[in-house]
**Student:** 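First the structure, which I've put down as structure tokens, then a few questions once you've had a look.
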Amino acid sequence: MLKTLGAQVKEFKKDSFLTPAFMILEVIMETIIPLLMASIIDNGIGAGKDGGADMNHIFLIGGLMILTALASLTFGILGGFYGARASTGFARNLRRAMYENIQTFSFSNIDKFSTSGLVTRLTTDVTNIQNAYQMILRMCMRAPFSLLFAMIMSFVISPRLASVYLVAVVVLGCVLALIVTKAMKHFNEAFPKYDQLNESVQENVSAIRVVKAYVREDYENEKFKKASGNIYRIFSKAEGIVAWNGPVMNLTVYSCILLISWIGAHLVVSESLLTGQLMSLLTYCMSILMNLMMLSMIFVMMTMSAASARRICEVLEEKPDLAGPRDPVYTVQDGSIQFDHVSFSYKKEADASVLKDIHLEIRSGETIGIIGGTGSAKSSLVNLISRLYDVTEGTLRVGGVDVRQYDMEALRNQVAVVLQNNVLFSGTILENLRWGDKEATEEECRHACELACASEFIEKMPQGYQTYIEQGGTNVSGGQKQRLCIARALLKKPKILILDDSTSAVDTATDAKIRRAFATEIPGTTKLIIAQRISSVQHADRIIVLEEGEINGFGTHEELLATNEIYRDVYESQISGSGDFDERGGM
């Protein structure tokens, strides 16, 4: 874990070294000041001629104290500056490294993490690590060295009085260790609860229209209160335990001050100790105990950040399940597709496969319809083509080459997918369209929109293609969103185009126009159309009928009507308007 996190310090190694160096110098300056103060009291006040003050000594040592204080202040400022730069840079690198690694994840990797969990890791967890790192660089150096130097100077001045510190440090250290151990358990429980809180907020904001339509505001409020309450309850317990730091520290500090004052007064009276030395010992007492208090807070912060560090390392150390070959193929010759006895399951340890022994051959330029009931693995079938997942058994070839032999970027550039859940990004319509081809001219974008029947509504908008799309495409309808996504896919000029139920929100007339445009404008592109409506695929060259992950039928519309019972039943039910693939003819 430390190696994984340490690798992200990168260009901030110099800052990470300078910070503790300046903090140690600051501690040395602070340790000298009580000695100078003692010298002024013992050798300056009442040490001059005729029992008066030695003003020359006072001015000389006073000047040294000012210079020492200024040096301490300068070192402290420099330590704070470099510490802030190192910690914020470290946090930036962590976020960047996690985000970049997430981009390499396959769908199976992404399935291991919830969206809210990844958001928490990139925000709350990184902030915890940033604060902990700054504390390590500054306080973890300052507190131990300050405690050590103060203890050494105390023993130099009076071993007898310094033994009081030693006993107090041991007792206080044991108590603080107990407090930290008790609090650690609760801090480890807290951060997974942030995932639930973020999940509640994310679902509510993204589905706010559904929430309001079903008048579920009260239910969502209760769900949020429960998630927020869990965090409050756990942190209340943890902070309640940590709060014992204050009373224990105060008891120890004041007890030490009383003991040192009482014992020290007797030593001063017996002339075994000078007044200035007693004053410096009291100063060192406060320094020792306050630095011990600081160490306890460092342990608490480290405890909190340890849970965050583990969660961050889970993302950083996650290796993509899909790896490119050593000598990849960069050119996809054509859009032909061959499934050679392919089986697939989302988890290797799964008892049953989602796709079972799929064997079929699709010629380049064909239009293939794919139909089947909910859960029949239609989307799973097409996800394998662009290698969003790897086959579990068998071989899948595109352009005559096993998809595992292609460079993944080269393969996916030739396979355009309009997924079932269409996503638009915040930006203008043109900016969204150019996701398909960042170099596309406005004329090419307009032509793609004409093919997807999107130009008819874009041109009615006041700003046309410069119309701003809100996050998630909330200011366009479902059908408009689908047509924009189809246009975006067409701009890739792919060899294979996959439409995963992506015309479900458009009317049948528009659906027919889009299909005719495909047939005339991109005849060389292999088109795979997943649909629930038989009218969307009946004019395809061939149609695949899937049932429970197996091919139940494969042929033309007429062939399936004559030979496939499932297809015939659903066709007749849809013609009469009484059913679909999930209700076969009302049966």
Side-chain angles (χ1 to χ4, degrees), residues 103-113 318-364 366 368-421 494-501 525-530 542-554:
Q103 303 309 303
T104 67
F105 287 177
S106 65
F107 278 25
S108 57
N109 292 113
I110 294 172
D111 292 342
K112 297 178 185 178
F113 303 95
E318 179 74 13
K319 301 298 182 185
D321 290 339
L322 303 182
R326 289 187 177 180
D327 298 310
V329 177
Y330 289 96
T331 303
V332 180
Q333 295 296 333
D334 55 48
S336 61
I337 305 167
Q338 296 91 32
F339 286 84
D340 187 0
H341 298 286
V342 167
S343 295
F344 169 72
S345 59
Y346 286 100
K347 294 182 178 179
K348 294 179 181 179
E349 64 274 12
D351 295 330
S353 296
V354 176
L355 291 168
K356 309 174 185 88
D357 195 31
I358 303 297
H359 189 72
L360 57 88
E361 185 169 337
I362 299 169
R363 294 182 292 273
S364 181
E366 273 194 297
I368 303 294
I370 304 173
I371 55 178
T374 302
S376 60
K378 303 183 296 296
S379 296
S380 300
L381 181 76
V382 297
N383 282 341
L384 298 177
I385 296 171
S386 54
R387 207 188 170 198
L388 298 178
Y389 294 94
D390 263 344
V391 302
T392 306
E393 296 177 14
T395 304
L396 170 58
R397 300 181 184 87
V398 170
V401 177
D402 190 327
V403 292
R404 289 168 291 196
Q405 298 302 314
Y406 280 112
D407 173 77
M408 280 190 284
E409 185 175 334
L411 173 65
R412 290 172 184 172
N413 276 334
Q414 295 301 324
V415 181
V417 183
V418 183
L419 295 171
Q420 198 168 5
N421 297 320
K495 289 186 168 61
I496 299 172
L497 175 64
I498 299 171
L499 303 179
D500 188 352
D501 205 16
T525 298
T526 304
K527 297 165 282 292
L528 304 179
I529 303 172
I530 296 176
R542 289 184 290 173
I543 302 166
I544 300 169
V545 180
L546 281 175
E547 184 180 35
E548 296 183 355
E550 297 179 309
I551 295 178
N552 186 273
F554 185 34

**Student:** Look up atom CD1 in Ile368 and atom CD1 in Ile362, then write down how far apart they are to the nearest 0.5 Å.
**Tutor:**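 Ile368 atom CD1 to Ile362 atom CD1 measures 5.0 Å (nearest 0.5 Å).
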**Student:** Identify the heavy atoms of Arg397 and Asp402 that sit nearest to each other, and give their distance.
**Tutor:**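 Nearest pair, atom of Arg397 first, then Asp402: CG-N, 4.0 Å.
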**Student:** For Arg412, is there any backbone N or O sitting under 3.5 Å from a side-chain donor or acceptor partner on Ser386?
**Tutor:**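 Side chain of Ser386 to backbone of Arg412: no pair is present.
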**Student:** Search all heavy atoms of Leu396 against all heavy atoms of Leu384 and return the closest pair with its distance.
**Tutor:**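 Taking every non-hydrogen atom into account, CD2-O, 3.1 Å.
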**Student:** In sequence, state the C-alpha distance, the side-chain angles, and the governing distance for Ile358 and Ile551, and then conclude on side chain to side chain contact (heavy atoms under 4.5 Å, CB included).
**Tutor:** CA-CA 7 Å; Ile358 303 297; Ile551 295 178; 3.7 Å; yes
**Student:** Start with the C-alpha gap between Glu361 and Glu366, add the side-chain angles, then the distance that decides, and say whether side chain to side chain contact (heavy atoms under 4.5 Å, CB included) holds.
**Tutor:** CA-CA 11 Å; Glu361 185 169 337; Glu366 273 194 297; over 6 Å; no
**Student:** Could you go step by step and tell me if Val415 and Lys495 meet the side chain to side chain contact (heavy atoms under 4.5 Å, CB included) rule?
**Tutor:** CA-CA 6 Å; Val415 181; Lys495 289 186 168 61; over 6 Å; no
**Student:** Indicate the atoms forming the closest heavy-atom contact of Phe554 with Leu360, along with that distance.
**Tutor:**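 Nearest pair, atom of Phe554 first, then Leu360: CE2-CB, 4.1 Å.
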**Student:** Indicate the atoms forming the closest heavy-atom contact of Thr525 with Pro494, along with that distance.
**Tutor:**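 Looking at all heavy atoms of both residues, the shortest contact is OG1-O, 3.0 Å.
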**Student:** Who pairs with Ser380 by side-chain hydrogen bond (donor to acceptor under 3.5 Å, both in side chains), at least two apart in sequence or on another chain?
**Tutor:**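 Tyr346.
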**Student:** What's the shortest heavy-atom distance between Ala352 and Ser345, and which atoms?
**Tutor:**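 What the structure gives for the nearest pair is O-CB, 4.0 Å.
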**Student:** Tell me, do Asp334 and Arg363 make a side-chain contact under 4.5 Å, heavy atoms counted?
**Tutor:**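 Asp334 vs Arg363: side chains apart.
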**Student:** Has the side chain of Ser376 got a donor or acceptor atom that lies under 3.5 Å from a matching backbone atom of Glu547?
**Tutor:**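 Here the side-chain-to-backbone pair does not exist.
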**Student:** Report the distance from atom OG1 of Thr104 to atom CD of Glu318, rounding to the nearest 0.5 Å.
**Tutor:**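 Going from the OG1 atom of Thr104 to the CD atom of Glu318 covers 9.0 Å.
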**Student:** Hey, could you give me the CD/OG distance between Glu548 and Ser353, rounded to the nearest 0.5 Å?
**Tutor:**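 One finds 13.5 Å between CD of Glu548 and OG of Ser353.
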**Student:** Quick one: does any side-chain atom of Lys527 pair with a main-chain N or O of Leu499 as donor and acceptor, under 3.5 Å?
**Tutor:**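 Checked: no pair found.
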**Student:** Taking CD in Glu409 as the centre, count heavy atoms belonging to other residues, nucleotides or ligands within less than 6.0 Å. Is the count above 12?
**Tutor:**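 No.
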**Student:** Return the set of residues passing salt bridge (Lys or Arg N to Asp or Glu O under 4.0 Å) with Arg387 (not counting sequence neighbours), or none when no residue passes.
**Tutor:**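 Scan of Arg387 (salt bridge (Lys or Arg N to Asp or Glu O under 4.0 Å), adjacent residues dropped) gives Asp390.
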**Student:** With Leu528 as reference, evaluate Ile337, Leu497, Ile544, Val417 under the side-chain contact (heavy atoms from CB on, under 4.5 Å) test and give the passing residue.
**Tutor:**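 Among Ile337, Leu497, Ile544, Val417, the one that satisfies the side-chain contact (heavy atoms from CB on, under 4.5 Å) with Leu528 is Ile337.
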**Student:** Hey, could you give me the CD1/CD1 distance between Ile371 and Ile529, rounded to the nearest 0.5 Å?
**Tutor:**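 It is 12.0 Å, given to the nearest 0.5 Å.
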**Student:** Nearest 0.5 Å please: distance from the CG atom of Asp340 over to the CG atom of Asp357.
**Tutor:**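 If I round to the nearest 0.5 Å, the distance is 9.0 Å.
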**Student:** Could you tell me whether a side-chain N or O of Lys378 sits under 3.5 Å from a main-chain N or O of Ile370, the two making a donor and an acceptor?
**Tutor:**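 No, the answer is negative, given that no donor and acceptor are paired below the 3.5 Å cut-off.
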**Student:** Might you work through the side chain to side chain contact (heavy atoms under 4.5 Å, CB included) test for Leu381 and Phe339, ending with a clear yes or no?
**Tutor:** CA-CA 10 Å; Leu381 181 76; Phe339 286 84; 3.6 Å; yes
**Student:** Short question: side chain of Ser336, backbone of Ser364 - any donor-acceptor pair under 3.5 Å?
**Tutor:**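 Looks like no, no N/O pair under 3.5 Å.
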**Student:** Might you point out which heavy atoms bring Thr331 and Tyr406 nearest each other, and give the distance in Å?
**Tutor:**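 So the two residues come closest at O-CE2, 3.4 Å.
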**Student:** How long is the gap from OH on Tyr330 to CD on Gln405, to the nearest 0.5 Å?
**Tutor:**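 If we round to the nearest 0.5 Å, Tyr330:OH and Gln405:CD are 12.5 Å apart.
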